[in-house]
Amino acid sequence: MPNNTKMVRVQGLNFQVRDVGDKQPALVFLHYWGGTGRTWDLVIRELAGYHRCIAPDFRGWGGSDKTADGYDLHTQADDVAAIIASLGLSQYILVGQSMGGKIAQILGARRPQGLNGLVLIAPAPPTPMAAPKEQRDAILESYQTPAGVEFALSILTSRQLSPTLRQQVIDDTLGGAPAAKVAWTEAGMTLDITEIVGNINVPTTVIVGDADKVETEPLLSRELGSRISGTEFVVLPGVGHLSPLEAPRELAAAITTAISKIR
């Protein structure tokens, strides 16, 4: 493991967690479906001097256990809460992208002690995604081969990734447990959490690229802005769905601005 990673055992599973920096409030980064904690490395590089940065691999992804038999998003929110407790974080902000953004909404709705705010980056909305089963099956199929991931990248990104980052995405995606992949397309995408997101009572910022073909600002404004009181929106020009990889410095700057309003 790299020097900045550790294994944390909670919920009967081992989770690989990146842990960099020491200043509060801590930032807890939650990755997208197909990513891992290292998806956030370039963003963390910009922020670790100002905050303790925690980035777990979700169950079934990266270096975390792939033996779990349950990948429900509420269960994964339990995982995050247990990791936060295990690390002794007393003040923290959840920073979740895509699937990780939906998990952040679930955890935020519980109003856990120590949560100062939410930063949702191109988050999956609380409403079920309007994708028929055939389309969701096709998305799942694309995550089974290098060529399929390359095709997915043509949709997920607007800016060209470096060869190193493209390979990272391919490796992280293909390395996911089959059950973790299936759980998102069969249940996570269609999970309706609209009844709970209104319970979120901390400052919330949504950051989305104007070239995002997966989650758009108008959709997120409608589905989140109407349900979470006081939600602010930031649009990154020329950025697609994978802003932590496409525009890490711009994203880090936007996160910093959002955090400055939370304090």
Side-chain angles (χ1 to χ4, degrees), residues 24-33 40 43 47 50-54 72-85 89-130 188-210 212 214-237 239 241 243-244 250-263:
Q24 291 195 30
L27 306 181
V28 180
F29 294 91
L30 307 180
H31 64 78
Y32 72 101
W33 178 66
W40 299 102
V43 177
L47 298 174
Y50 309 96
H51 299 274
R52 184 177 180 183
C53 295
I54 308 296
D72 174 82
L73 296 189
H74 291 279
T75 299
Q76 297 197 67
D78 294 342
D79 293 341
V80 175
I83 290 168
I84 288 169
L89 305 185
S90 60
Q91 301 292 324
Y92 62 93
I93 295 166
L94 294 175
V95 184
Q97 185 211 358
S98 198
M99 180 184 77
K102 195 165 186 177
I103 293 170
Q105 293 167 55
I106 292 171
L107 184 52
R110 300 177 183 175
R111 300 182 176 181
Q113 184 175 1
L115 177 64
N116 291 354
L118 298 180
V119 180
L120 306 176
I121 300 162
T127 47
M129 297 178 71
M189 281 184 172
T190 57
L191 179 65
D192 188 341
I193 59 170
T194 54
E195 290 189 3
I196 66 171
V197 291
N199 295 331
I200 294 171
N201 65 344
V202 293
T204 300
T205 298
V206 175
I207 303 172
V208 60
D210 67 1
D212 194 327
V214 180
E215 310 296 353
T216 65
E217 190 276 334
L219 180 146
L220 294 175
S221 180
R222 181 177 71 248
E223 302 299 351
L224 282 171
S226 63
R227 292 184 169 90
I228 304 175
S229 179
T231 301
E232 295 198 7
F233 287 81
V234 177
V235 178
L236 301 180
V239 177
H241 192 60
S243 55
E250 293 161 66
L251 178 57
I255 292 171
T256 299
T257 300
I259 291 170
S260 70
K261 298 177 181 179
I262 291 173
R263 293 176 175 175

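The first residue of the sequence shown is numbered 1, and numbering continues consecutively from there.
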### Criterion side-chain contact (heavy atoms from CB on, under 4.5 Å) on Thr231 and Leu120, from CA distance to verdict
CA-CA 10 Å; Thr231 301; Leu120 306 176; over 6 Å; no
### Task
Might you work through the side-chain contact (heavy atoms from CB on, under 4.5 Å) test for Glu250 and Ser243, ending with a clear yes or no?
CA-CA 8 Å; Glu250 293 161 66; Ser243 55; over 6 Å; no
If you measure from [atom1] on [X] to [atom2] on [Y], what distance do you get to the nearest 0.5 Å?
| X | Y | atom1 | atom2 | value |
| --- | --- | --- | --- | --- |
| Met99 | Met189 | CE | CE | 10.0 Å |
| Glu223 | Thr216 | CD | OG1 | 9.5 Å |
| Ile121 | Leu236 | CD1 | CG | 8.5 Å |
| Leu30 | Gln97 | CG | CD | 10.5 Å |
| Leu47 | Thr256 | CG | OG1 | 4.5 Å |

#### Entry: Among Val95, Ile255, Val239, the one residue meeting side chain to side chain contact (heavy atoms under 4.5 Å, CB included) with Ile207
Ile255
Polar side-chain atom of [X] near backbone of [Y] as donor-acceptor pair, under 3.5 Å:
| X | Y | value |
| --- | --- | --- |
| Ser221 | Pro218 | no |
| Lys102 | Leu73 | no |
| His241 | Asp212 | no |
| Thr204 | Val202 | yes |

Nearest non-hydrogen partners of [X] and [Y], listed with the distance:
| X | Y | result |
| --- | --- | --- |
| Ile262 | Asn116 | CG2-O, 3.3 Å |
| Gly108 | Leu94 | N-CD1, 4.4 Å |
| Leu224 | Pro123 | CD1-CG, 3.7 Å |
| Lys261 | Glu232 | NZ-OE1, 3.0 Å |
| Leu115 | Ile93 | CD1-CA, 4.4 Å |
| Gln105 | Ala124 | NE2-O, 2.9 Å |

Could you tell me whether the side chain of [Y] reaches within less than 4.5 Å of the side chain of [X], counting heavy atoms only?
| X | Y | value |
| --- | --- | --- |
| Tyr32 | Val214 | no |
| Ile84 | Val28 | yes |
| Glu215 | Val206 | no |
| Leu27 | Ile259 | yes |

## Note on the structure
Applying side-chain contact (heavy atoms from CB on, under 4.5 Å) to Asn201 and not counting sequence neighbours gives Arg111
### Query
Can you check side-chain contact (heavy atoms from CB on, under 4.5 Å) on Tyr92 and Ile54, steps first, answer last?
CA-CA 10 Å; Tyr92 62 93; Ile54 308 296; over 6 Å; no
### Non-neighbouring partners of Arg110 that pass salt bridge (Lys or Arg N to Asp or Glu O under 4.0 Å), sequence neighbours left out
Asp78
